[in-house]
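Input: a single structure, listed below in C-alpha cells.
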Amino acid sequence: MLRTRTCGELRTSHVGETATLCGWVDKYRDHAGIVFIDLRDRYGKTQIKFDLADNSEIQELARHLRYEDVIQVTGEVVARPAGLENPKLDTGSVELLVRDLKVLNKSKTPPFEPDGQSVPNEDIRLKHRYIDLRRPSIQQNLILRHRLTKVVRDYFDKLDFLEIETPMLGRSTPEGARDYLVPSRVHEGTFYALPQSPQLYKQLLMVAGFDRYMQIARCFRDEDLRADRQPEFTQIDVEMAFVERDDILNVIDGLVAEMIQAIRGEQFQLPLRRYTHAYCLENYGSDKPDMRFGMQLIDIGDIAGQCEFGVFKQTIAAGNRVRGINVKGGADKYSRRILDVDMKALVADYGAKGLAYFKVTGGKLESSIAKFFTDEQQQAIIAKMGGEEGDLLLYVADTFKVSSSALSAVRNRIAREQKLFDPNTMEVFWVLDFPLFTWNDDEKRFDAEHHPFCSIHPDDEQYLATDPGRVRASSYDLICNGYEAASGSVRIHDPKIQQRVFELMNISNEEAEQRFGFFLDALRYGAPPHGGIALGLDRWVMMFTGGDNIRDVIAFPKTQKAADQMTGAPSEVDARQIRDLHIKLDVKE
RNA sequence: GGGGUGGUAGCUCAAUUGGUUAGAGCACCGGACUGUCGAUCCGGAGGUUGCGGGUUCGAGUCCCGUCCGCCUCGCCA
C-alpha cells in the first residue's frame, strides 16, 4: 500500500505516530514559511503542513502544489496548538507535519473544483463526471447506495431468498415500454431486447420451484427521461411462490422498516398504512399522493350544481366534478397574477381549462365569480372547505381524471412553495385495488393497468365475464413522498384466466401463443400460485439522500436526451459493424 | 412530438430603452507573507457572448433557424 492511513482517520490518539497519506489537494494555503494543505480522499480531509525550518527543498515543492494534484506524504501526526483546532473536520484536532512529499500525479487545472463551494451546471458536471464524483456529497450518495443495497441483500438472505441472475439479452415483447433492441449477428434480421424488467423470467423461476427469488436487476426502457427516470435503472426485484397478496406486503413492510432503521436509525411503525386506489384519487387526485401534508381535495359538486356560475353548473350537468383545495392562510400569498397566469398554466398542462378561486374575507367569499353564489351557497362552501379568514380556495371543474391530475399538481406545488411539510420525513404507504384494465377507446380494447400477468382481485372474478372495467387487480404500489417506490402484483397462474385476460386485451390465441407461448406453456406444467414486486432502488437512494434527482445517485447517468456527455454514447459505428449485423441505416441528413 | 427555462472568461454570475474598450468573485500566472483552515495583500494574463443567418450607423441585448443542459405534458404494461 502507498499509504498507512486514510485522510479521514487521524485523531488525537494517533499523535506521535508516523503516517503516510495519499490523496488529492483540496485546498492550499501558502504562507511562504509555512504551507497548509487540506488533503482529501474518499474518507475525509486532513490538514498537512510543511515547515520551512524543517526542510526547504520539500517546502519549495509543496508551494507549487495545486488543486487536484495527487500526492503522497509521510510525516508525524501532531496535535494542533490549543485554539487552532478545526471543528469542521473530523480530523481537525491533529495535523500531519510532512517530512516527505511525492507528487504522484500533477493535475491540469480542473474545469471546476469539487469543493462544494459552487456546484457547476449539470452539463459540465456530466462531461467531467470523474471530477464531479470527487465531490463529497456525491461520494456520500454512492456510499449510501452501497449500504442500502447490502441491507436489502442481507434482509432477503435472512428470509431464504435466493439472488438469481436473469438474461440481459431476451425476447422483445411489444407491450409496455419501448424496448432497447440489440441486433443479432448470427440470426439475420432478428433482435434481442434488453429487459424492461425480469418479469417473465422471475415468474418462470417460480414455476421452477425457486419459491423465494430476489435480484438487484438492471432494467432498460427506451422512453423519455424525467428527474426520476433514467433509461437504465435498477430494481430490487422480488418474487415469491405459495403466497397471497398480504404475504408479499408483509415481507416488503419488513424491508422498508429495515432500510429506514439501517439508514436513518429510526424505528418505523408497521404495518404500513394501506389505502385504495379510489381513495387516493378521490382525496388527493393522484395514485401516488404525497402524504407528508394534508390539503386534501374536497368535492363541492352539490353546491356547484345549484349556483349561477356557468362553468360549475355545466360541469355538474355533464356528470363531471368540481373539487378544490383549501390553502390555509393563502389569500395574501398568491396574487391575482400568479393565480390567473402561473397556476392557470399549470392546470392547463393537465387539460384543465381554468382555475377558479375565492379568498375567504369577512366571513364571505371574495372573487370575480363570487357574485354567482348566494350567501347560503357561499356559507356552504366555506363550511365544507373548513374555510377561515385569510384562506384561499382553489377549484378545478372538469372530468374526474382532469380535475384529479390538475389539482394534484396544484397541491404539490403549493405545498412545496409554502413549505407545508418537513423534507426529512418519509411517508410510506400502500395503494391497493387498482383497476385491472383501463379502456383504450382508440383501439377499442382493454389495456392492462399493471401488466397482462396480473391476477384478479378475489372478490371480482365474477365481473371478468360481465363487466371487465369493474374488475380490480390484485396489485399494489408502494408510495413514498409522492414517488412510486415499488409496484407489484399477485400473478395469474391459471392458463385459462390468462387466456381470458388476453382476449379482453384483444390478443388472439394465436398471437398470445406466438408472443408468450413459452410462458403460457410454463403455466401448464405446474405453476404454483405466486406474486412479487419490484422496488426502484435509485428512487429509494434518492429519497434517503433527500435529493430530487435520480442522476445524483447514479455514478454515470444519462442526460435527458439519453446521452452520455462524457463518453459520447450513443455514437456512430463502423460501416463494417453495421454490415455484420445485416442492417441498413435510414437517417435524415 | 408539445410547453417552459437557460447557454457571456476554466467555474459561478453581472452588463440600463440596442450605444465607449463586455465587468466582478473564485480558479490560473508572478510577487509578499511562519498558524492558516472559503487564508490575506499587491500585480498580471484570460472572451468565437453555444453555433449559423438576418435587421441596424451600431447586436451579449431585437428577429429567424439550429445545437446542447434542465423542468414538464404526452410517453413510461
Side-chain angles (χ1 to χ4, degrees), chain A residues 26-39 45-54 59 63-64 66-68 78 80-89 91-92 95 97 107-128 131 173-179 196-197 199-200 219-231 233 342 345-352 405-406 409 412-413 434 436-438 440 446-454 473 475 484 487 489 501 505 507 534 536 548-549 551 558-561 563 565:
Chain A
D26 193 64
K27 280 280 186 290
Y28 61 90
R29 295 176 289 277
D30 177 4
H31 296 252
I34 188 166
V35 176
F36 296 103
I37 283 174
D38 292 338
L39 195 64
K45 292 173 191 172
T46 300
Q47 172 165 286
I48 62 176
K49 73 170 172 182
F50 300 84
D51 199 314
L52 180 65
D54 292 343
Q59 173 83 357
R63 294 188 66 184
H64 290 95
R66 290 297 178 265
Y67 291 147
E68 302 309 310
V78 297
R80 295 206 194 183
L84 293 172
E85 300 88 353
N86 184 354
K88 289 184 198 165
L89 294 183
T91 60
E95 57 197 0
L97 178 56
S107 174
K108 281 173 63 180
T109 301
F112 57 92
E113 293 122 62
D115 62 2
Q117 293 300 321
S118 67
V119 181
N121 287 329
E122 201 153 0
D123 45 347
I124 310 267
R125 290 174 52 199
L126 292 176
K127 184 167 182 191
H128 305 276
I131 291 172
T173 52
E175 286 75 25
R178 197 175 291 112
D179 284 324
Q196 297 173 25
S197 79
Q199 185 60 39
L200 293 178
C219 305
F220 304 85
R221 293 178 190 177
D222 188 3
E223 296 291 348
D224 286 351
L225 281 66
R226 288 287 186 281
D228 63 343
R229 272 165 33 191
Q230 281 277 306
F233 61 100
D342 292 14
L346 178 64
V347 299
D349 280 346
Y350 299 87
S405 52
N412 284 334
R413 170 170 164 174
F434 282 72
L436 184 65
F437 297 116
T438 47
N440 182 334
F446 287 102
D447 285 341
E449 173 84 16
H450 182 57
H451 60 58
F453 317 107
C454 177
S475 70
E484 181 190 304
S487 182
S489 64
V501 169
M505 296 176 62
I507 298 174
D548 55 8
N549 153 6
R551 294 182 298 277
K558 304 280 192 289
T559 66
Q560 189 155 55
K561 294 191 80 182
Q565 299 285 82

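Just so we're on the same page: letters track the sequence lines, and every chain starts at 1. Worth saying up front: this structure is predicted, and the values here are computed from it rather than measured.
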Are any of A:Tyr28's side-chain N or O atoms less than 4.0 Å away from OP1 or OP2 of B:C28? yes
Please confirm whether the shortest side-chain N or O distance from A:Arg66 to OP1 or OP2 of B:C29 is below 4.0 Å. yes
Suppose we call a contact any N or O donor and acceptor under 3.5 Å apart; does that hold for the side chain of A:Arg229 and the base of B:C76? yes
Who does B:C37 pair with, Watson-Crick or G-U, both distances under 3.5 Å? none
With a 4.0 Å limit, can you tell me whether A:Asn121 has a side-chain N or O closer than that to the phosphate oxygens OP1/OP2 of B:U12? yes
Would you tell me if any nitrogen or oxygen in the side chain of A:Thr109 comes within less than 4.0 Å of OP1 or OP2 on B:C28? no
Watson-Crick or G-U wobble partner for B:G69, using a 3.5 Å limit on both distances? B:U5
Just to be sure I understand the rule, does A:Pro452 reach a base, reach only the sugar-phosphate, or reach nothing, if contact means heavy atoms closer than 4.0 Å? base
What I want to check is whether an N or O donor and acceptor connect the side chain of A:Glu122 with the base of B:G6 at under 3.5 Å. no
Is A:Phe36 stacked on the base of B:U36, with ring centres under 5.5 Å apart and planes under 30° apart? yes
Mind checking who B:G58 pairs with, Watson-Crick or G-U wobble, both distances under 3.5 Å? none
Using a cut-off of strictly less than 4.0 Å, decide whether A:Arg29 has a side-chain nitrogen or oxygen near OP1 or OP2 of B:U36. no
Are there over 12 heavy-atom neighbours, none belonging to A:Asp548, within less than 6.0 Å of that residue's CG? no
Nearest-nucleotide pick for A:Ile34, side chain only, options being B:U12, B:A39, B:U34: B:U34
In terms of ring plane angle, is the pair A:His31 and A:Phe36 parallel, tilted or perpendicular, where the classes change at 30° and 60°? perpendicular
Counting side-chain heavy atoms from CB outward, which of B:G35, B:G69, B:C75 is closest to A:Asp224? B:C75
Describe the nucleic acid contact of A:Asp349 in one word from base, sugar-phosphate, nothing, applying a heavy-atom distance below 4.0 Å. sugar-phosphate
Categorize A:Asp30 for me: base, sugar-phosphate, or nothing, with a 4.0 angstrom heavy-atom threshold over every strand shown. base
Among the nucleotides B:C37, B:C33, B:C71, whichever has the atom closest to the side chain of A:His31 is B:C33
Parallel, tilted or perpendicular: which fits the ring planes of A:Phe446 and A:Phe437, with parallel below 30° and perpendicular above 60°? tilted
Judged by nearest nucleotide, the residue sitting upstream toward the 5' end of RNA chain B, A:Phe453 or A:Tyr67, is A:Tyr67
Given B:C73, B:G69, B:G35, the nucleotide with the shortest approach to the side chain of A:Arg226: B:C73
The side chain of A:Gln565 is closest to which nucleotide in this list: B:G69, B:U36, B:C28? B:G69
Looking for any heavy atom pair under 4.0 Å, which part of the strands does A:Ile124 touch: base, sugar-phosphate only, or nothing? sugar-phosphate
Is there a side-chain polar atom (N or O) of A:Lys88 under 4.0 Å from OP1 or OP2 of B:G38? yes
Going by purine N1 to pyrimidine N3 plus the second Watson-Crick contact, or the G-U wobble pair, all under 3.5 Å, which nucleotide sits opposite B:A27? none
Counting heavy atoms from C-beta on, name the nucleotide in B:U12, B:C71, B:U34 closest to the side chain of A:Gln560. B:C71
Rounding to an integer number of angstrom, what distance separates B:G52 and B:C57 when you compare their C1' atoms? 24 Å
Taking the side chain of A:Glu223 as its heavy atoms from C-beta onward, which of B:C71, B:A27, B:C76 lies nearest to it? B:C76
OP1, OP2 of B:G69 versus side-chain N and O of A:Lys561: anything below 4.0 Å? no
